[in-house]
Amino acid sequence: MIFRLIIVLLIGSISVAQAQVPGLPFSKYYSSNDYQGGIQNFAFTQSTSGMIYVANNFGLLEYDGTEWRRYSLPNSTKIRDVAIDEFGTIYVSGQAEFGYFKANSQGRLQYQSLLEKLPTEKRNLEEIWKILFIRDKVVFCTLEEIFIFNKKLDLEEILEAESEFESFHFANNNLVVNQRGKGLLSLEAGKLASMDNSELFGDKVVVSFISLAGNRHLVFTQNEGIFEISPGLVKPWSINLPSETQINRALRLRNGNIALGTQRHGIFIVDQNGRILLRMNKEKGLRNNSILSLFEDTVGNLWIGHNNGITLLELSLPFRLIDQFSGLPGTGYDAYLKDDKLYFGTNYGLFSKEESSDVESEIEPIPGGTGQVYQISQIQNLLLSAQNNGAFSVNNRNISSLGGPNGIWNFQSLKDHPNLILSGSYNGLLLFELTNGSARFLRKIKGFDESSRLIEQDSNGDIWMAHGYKGVYRLRLNEALDSVESKYYGIESGLPTTLLNSVWKLNNQVVFSTEYGIYRYNPDSDRFEKDPNFEPYFDYDFLATSMVEDPAGNIFYIGSDEVGVLEKQINGTYQKNHQIFNKIRPFLNDDLQNISLIRPNEVLFAANEGFIWYKLERNYRVSTVFPTMIRSVYLTGISDSIISEGNYWLNDTLNSNEAKEEITTVPYEMAHFRFEASNPIPNNENTTQYQFWLEGFEDDFSEWSTRRDRSYTNLREGNYTLHVRSKNIYDQVGQEDQFTFKVLPPWYRSPLAYLIYAILTITLLYLLFRIADRKLKKTTAKIQAAQSKVIEQKESDLQDSQKEIERLKTEKLKSEIQGKNKELASATMHLINKNGFIVQTKSHLNSIIKKSKNQEVKNEIKKIISSIEKNIAGDKDWEQFEMHFDEVHGDFMSRFKSRFPDLSPQEIKLSAYLRMNLSSKEIANLMNITIRGVEIARYRLRKKIQLERSENLQEFILKF
């Protein structure tokens with residue numbers, strides 16, 4: 001029984017501890033100037049891509065995590081409600097109008113009215129207050145009728161009000177309405193039926209209806225309080241709200257808690273037992289106490305629509321701010337939890353707050369505790385405060401000085417001396433003594449006067465002090481505890497530098513953080529070396545500026561580049577968790593960074609404004625990763641023109657990604673682009689980073705940058721795809737978005753231009769060819785003319801040569817002819833001489849015959865004369881002569897015979913002798929006739945060849 005009682009008490013203490021969530025959540029306020037809309041905001045919704053839509057006085061507001069856009073209804077009236085179905089269709093309702101928004105070709109949302117689908121007599125509407133999705137129906141609610149449409153947006157049914165409807169709610173996947181005089185009704189089989197005990201609410205304004213387990217429901221009325229109803233039972237719900245609290249909205253959060261928005265008292269978050277967990281109003285973090293609407297987004301953040309502006313509460317974060325809005329002024333330095341009271345030390349002084357789950361207490365200053373506080377610590381049962389003004393002890397709300405000098409950095413119990421307290425001061429070490437539950441200054445320890453903000457004792461009792469810019473000192477107290485012996489350690493002792501060294505106690509060991517990681521002291525070598533226990537978790541140049549270990553073994557740390565926790569595992573190793581802490585890095589104290597341990601897994605980070613509370617929850621999810629969105633595409637120039645606003649209507653669904661088949665084409669002269677991207681992460685406008693890559697122009701993504709726009713100018717023609725991706729503060733990369741476009745070529749590089757160029761080129765080539773051909777022909781003609789001249793010259797030269805050759809040949813022939821003629825003449829003369837001799841001989845022989853008387857002699861001489869005559873008359877000599885004659889005179893004989901076939905052989909011979917230009921005497925000797933006979937023969941020849949008298953016979957024969 002005792003064990004069970006202990007367990008119950010532990011569980012109770014855990015639940016109480018869990019209820020203790022000090023401070024306020026991170027928040028962001030958007031004024032009407034920020035979102036450029038009306039002051040009132042009546043409803044919120046969120047798309048699957050993370051976009052927030054708000055029903056505003058001036059229309060529909062759209063928030064993409066960076067900027068706001070506003071879309072108006074045709075009659076520019078208020079929008080009372082907004083809702084998004086599973087297809088992303090944005091339905092809105094307002095004054096005398098209801099319908100939905102769809103994107104046009106430029107990606108801008110355009111309103112599509114459903115009013116015309118109502119019967120004519122029903123179109124004269126006042127206000128459409130609520131939009132609900134009931135199963136496969138879309139329901140639009142007015143004070144007089146409820147219009148039920150199917151998913152094809154065809155009107156199926158109209159529910160008439162017997163008396164005026166007051167409010168409309170969604171519970172258990174059904175419609176619940178509050179009707180004046182009748183109370184609560186639910187939609188059953190197409191009819192509105194009364195709920196059990198609902199008539200009690202007929203005269204009340206029901207603002208919210210929330211279902212609980214066990215068929216129980218909470219009914220929130222505007223002015224009469226909150227009721228719990230169940231079958232056969234109605235009872236007030238126990239909750240400690242301020243009197244005259246007017247509730248405007250109630251919303252059940254995903255963690256089971258309930259948010260209440262009021263008219264004048266701000267917001268309350270309560271658990272299902274009615275216990276207030278958080279209250280915020282104008283004095284505690286809100287800009288406006290009047291709350292018209294509440295909405296929890298997919299991440300767990302709470303959106304609050306005020307009567308003037310919008311507030312975002314980041315309830316999903318495991319952090320809370322304890323600052324001036326929580327009642328704590330100044331910069332935080334240290335905090336401590338003692339006896340269910342939380343003490344805070346700031347540059348303003350000491351403050352305290354009662355830690356109770358039942359009573360909400362305020363942070364109050366401790367009288368007399370003003371001035372800069374550096375450390376709050378407990379030694380034995382005494383709470384001590386180290387301050388610029390000196391050393392103090394704190395007992396509830398009483399503070400007393402311990403005496404001694406000013407400028408106290410810290411306290412810690414001196415090893416092996418439980419009644420003594422060691423303190424680091426501006427000028428060395430001090431010693432305090434504990435006596436009867438109080439402490440007093442004992443003395444300053446001699447031998448060391450350096451400022452000792454960071455000191456730790458090792459297991460041997462040695463005191464290690466790390467100086468910010470000098471190095472590390474080891475201090476050893478003498479037996480009298482009144483002086484120390486110091487030894488200095490610097491770079492020569494293994495430390496990487498003498499700057500920014502710190503000392504901490506982790507795992508019951510003294511470790512040293514440096515500019516290049518965590519080091520430890522090796523007593524065997526009297527040197528410092530890298531601590532291998534931390535190498536798997538930190539980079540080689542990691543610099544820790546604050547480290548603390550909780551009772552569970554988790555090590556919380558603040559570094560120069562990251563903040564986080566090493567979560568102790570069962571096997572003794574650690575799991576590093578640091579991404580979530582990126583949220584608080586900009587808010588941390590940049591003077592003296594510090595982490596204050598409150599409970600196991602629960603710490604306070606010193607901040608520039610107060611403290612940041614954090615509780616380690618192992619099942620905490622860092623964040624929802626939203627997709628990157630290309631929100632605007634501009635053509636830049638003298639004046640920018642937008643070509644895409646980032647919304648696309650695809651397959652009857654609103655989408656934030658461009659359709660693959662839809663390619664924007666842009667003229668070449670307008671190819672100057674500016675792209676604007678965003679990510680719907682709320683309250684991260686200045687921390688989300690982006691990368692851009694224009695495929696077709698660049699090789700890869702750009703470097704990460706918080707700049708969310710990118711410009712490209714003077715793009716050449718071609719197909720391009722812009723890729724954009726984003727990274728949140730937790731280093732999570734969102735799904736990239738793409739925008740594909742085509743830059744048309746300039747007119748002088750268009751297909752038609754190239755066709756014209758081709759035609760002109762062909763024509764030009766043809767003309768050039770013709771010109772070249774003509775030129776070639778002229779050149780050829782010139783060349784040919786020159787060649788002709790050369791050839792003519794050569795031919796002339798050749799002819800001259802030929803003539804010369806002919807001349808030479810002629811001369812040669814003449815020479816030969818002359819030679820032949822000479823030979824022929826010689827032969828002829830020889831023949832003439834021979835014939836003359838023979839004739840003379842014959843004449844002598846005839847003379848002898850006449851004189852001789854001897855008959856025998858006469859007979860013999862006659863034989864000789866006969867032989868001579870035969871020799872003279874023989875043709876052989878003539879044939880030989882004729883052959884040589886034709887060779888010399890070009891076949892004269894043959895030609896002359898063919899021309900004058902009637903000539904006798906003697907006339908032919910005469911012609912030949914005349915051709916040889918022989919004299920008549922010579923011819924007479926050759927022909928064996930007289931000269932007179934020659935003349936007669938010449939005369940006969942003239943007759944036969946029919947030669948005129950005027951013509952010379954010998955000249956004619958010579959020319960023939």
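Nothing fancy with the numbering, it's 1 onward along the sequence.
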Peer 1: State, yes or no, whether a side-chain contact exists between W704 and R725 at a heavy-atom distance under 4.5 Å.
Peer 2: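 Result yes, sub-4.5 Å side-chain heavy-atom pair found.
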
Peer 1: Please work out whether the ring planes of Y374 and W409 are parallel, tilted or perpendicular, with thresholds of 30° and 60°.
Peer 2: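 It falls in the tilted class, 30° to 60°.
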
Peer 1: Whether K353 and E355 form a salt bridge (side-chain N of Lys/Arg under 4.0 Å from carboxylate O of Asp/Glu) is what I want to check.
Peer 2: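 Salt bridge flag = yes for K353 with E355.
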
Peer 1: Main chain of G471, side chain of N501: is a donor-acceptor contact present, judged purely on distance under 3.5 Å?
Peer 2: no

Peer 1: Taking side chain to side chain contact (heavy atoms under 4.5 Å, CB included) as the criterion, tell me which of N257, I269, L302 meets it with L278.
Peer 2: I269

Peer 1: With sequence neighbours left out, write down each residue that passes side-chain contact (heavy atoms from CB on, under 4.5 Å) with L499, or none if nothing qualifies.
Peer 2: Y469, T497, E515

Peer 1: With under 30° as parallel and over 60° as perpendicular, where do the rings of F542 and Y557 fit, or are they tilted in between?
Peer 2: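 Perpendicular.
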
Peer 1: Give the ring-plane orientation class for W464 versus Y489, where under 30° counts as parallel, over 60° as perpendicular and anything between as tilted.
Peer 2: tilted

Peer 1: Taking all heavy atoms of S316 and all of N301, pick out the closest pair and write down the distance.
Peer 2: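 That would be OG-OD1, 3.1 Å.
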
Peer 1: Do F351 and V373 come close enough that some side-chain heavy atom pair is under 4.5 Å?
Peer 2: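 They are not in contact (no side-chain heavy atoms under 4.5 Å apart), so the answer is no.
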
Peer 1: Could you check whether any side-chain heavy atom of L350 comes within less than 4.5 Å of a side-chain heavy atom of F392, counting everything from C-beta outward?
Peer 2: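 In short, these two side chains do not touch, never coming nearer than 4.5 Å.
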
Peer 1: Consider only side-chain N and O atoms of D591 and N589, and report whether a donor and an acceptor are under 3.5 Å apart.
Peer 2: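 Judged by distance alone, the side chains do not pair up.
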
Peer 1: How about R397: does its CZ atom have over 12 heavy atoms from other parts shown lying under 6.0 Å from it?
Peer 2: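 Above 12, so yes.
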
Peer 1: Side chains of K415 and L422, heavy atoms from C-beta outward: is any pair under 4.5 Å?
Peer 2: no

Peer 1: Do N554 and N601 get their side chains close enough for a donor-acceptor pair, meaning under 3.5 Å?
Peer 2: yes

Peer 1: For S413 and I379, indicate whether the former's side chain and the latter's backbone hold a donor-acceptor pair under 3.5 Å.
Peer 2: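 No, the answer is negative, given that no donor and acceptor are paired below the 3.5 Å cut-off.
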
Peer 1: Just one of V563, N608, T545 clears the side chain to side chain contact (heavy atoms under 4.5 Å, CB included) bar with L588, so which one?
Peer 2: V563

Peer 1: Here's a test for you: under side chain to side chain contact (heavy atoms under 4.5 Å, CB included), which of R279, M280, R320 qualifies with L24?
Peer 2: M280

Peer 1: Kindly check if the number of other-residue, nucleotide or ligand heavy atoms within 6.0 Å of CG (N460) is above 12?
Peer 2: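 Yes, because the 6.0 Å sphere around CG of N460 holds more than 12 heavy atoms from other groups.
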
Peer 1: If every non-hydrogen atom of N410 is compared with every non-hydrogen atom of L454, which pair is closest and at what distance?
Peer 2: ND2-N, 4.2 Å

Peer 1: Check side chain to side chain donor-acceptor pair (under 3.5 Å) between S502 and all other residues, then give those that pass, not counting sequence neighbours.
Peer 2: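 Checked S502 against side chain to side chain donor-acceptor pair (under 3.5 Å); zero matches.
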
Peer 1: I want to check something: taking the side chain as every heavy atom from C-beta on, are N679 and N728 in contact at a cut-off of under 4.5 Å?
Peer 2: no

Peer 1: For S385, check side chain to side chain donor-acceptor pair (under 3.5 Å) against everything at least two apart and list the hits.
Peer 2: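 Only Q387 meet the side chain to side chain donor-acceptor pair (under 3.5 Å) criterion with S385.
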
Peer 1: For F441 and F432, work out which heavy atoms get closest and say how close.
Peer 2: CA-CD2, 3.4 Å

Peer 1: For R287, I'd like to know if atom CZ has over 12 heavy atoms of other residues, nucleotides or ligands within 6.0 Å.
Peer 2: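 For R287, atom CZ is not crowded (no more than 12 foreign heavy atoms under 6.0 Å).
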
Peer 1: Give a yes or no on whether N436 atom CG has more than 12 heavy-atom contacts from other residues, nucleotides or ligands under 6.0 Å away.
Peer 2: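 Atom CG in N436 is not packed in, count stays at 12 or less.
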
Peer 1: How close do G390 and I408 get, heavy atom to heavy atom, and via which atoms?
Peer 2: C-CG1, 3.5 Å

Peer 1: Which residue in the set N398, L384, L383 passes side chain to side chain contact (heavy atoms under 4.5 Å, CB included) when paired with S393?
Peer 2: L384

Peer 1: Just wondering, are more than 12 heavy atoms of other shown residues or ligands nearer than 6.0 Å to CZ in F448?
Peer 2: yes

Peer 1: Quick one: does T298's side chain get under 4.5 Å of F626's, heavy atoms only?
Peer 2: yes

Peer 1: Just so I know, are the side chains of N388 and N406 near enough to count as touching, which here means a heavy-atom distance under 4.5 Å?
Peer 2: no

Peer 1: Looking at every heavy atom in both S483 and N478, which two are closest together, and how far apart are they?
Peer 2: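 Shortest heavy-atom contact: OG-ND2, 2.7 Å.
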
Peer 1: Going by an N to O cut-off under 4.0 Å, is there a salt bridge joining D449 and K444?
Peer 2: yes

Peer 1: Y336 and side chain to side chain donor-acceptor pair (under 3.5 Å): which single residue from Q378, K341, Q375 fits?
Peer 2: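 Result: among Q378, K341, Q375, Q378 is the only option passing the side chain to side chain donor-acceptor pair (under 3.5 Å) with Y336.
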
Peer 1: Using a 3.5 Å distance criterion without hydrogens, assess whether the side chain of R585 forms a donor-acceptor pair with backbone atoms of D561.
Peer 2: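 It does hold such a pair.
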
Peer 1: So, for W613 and I322, which heavy atoms are closest and what is the spacing to 0.1 Å?
Peer 2: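 Heavy atoms only, the tightest pair is CB-CD1, 4.4 Å.
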
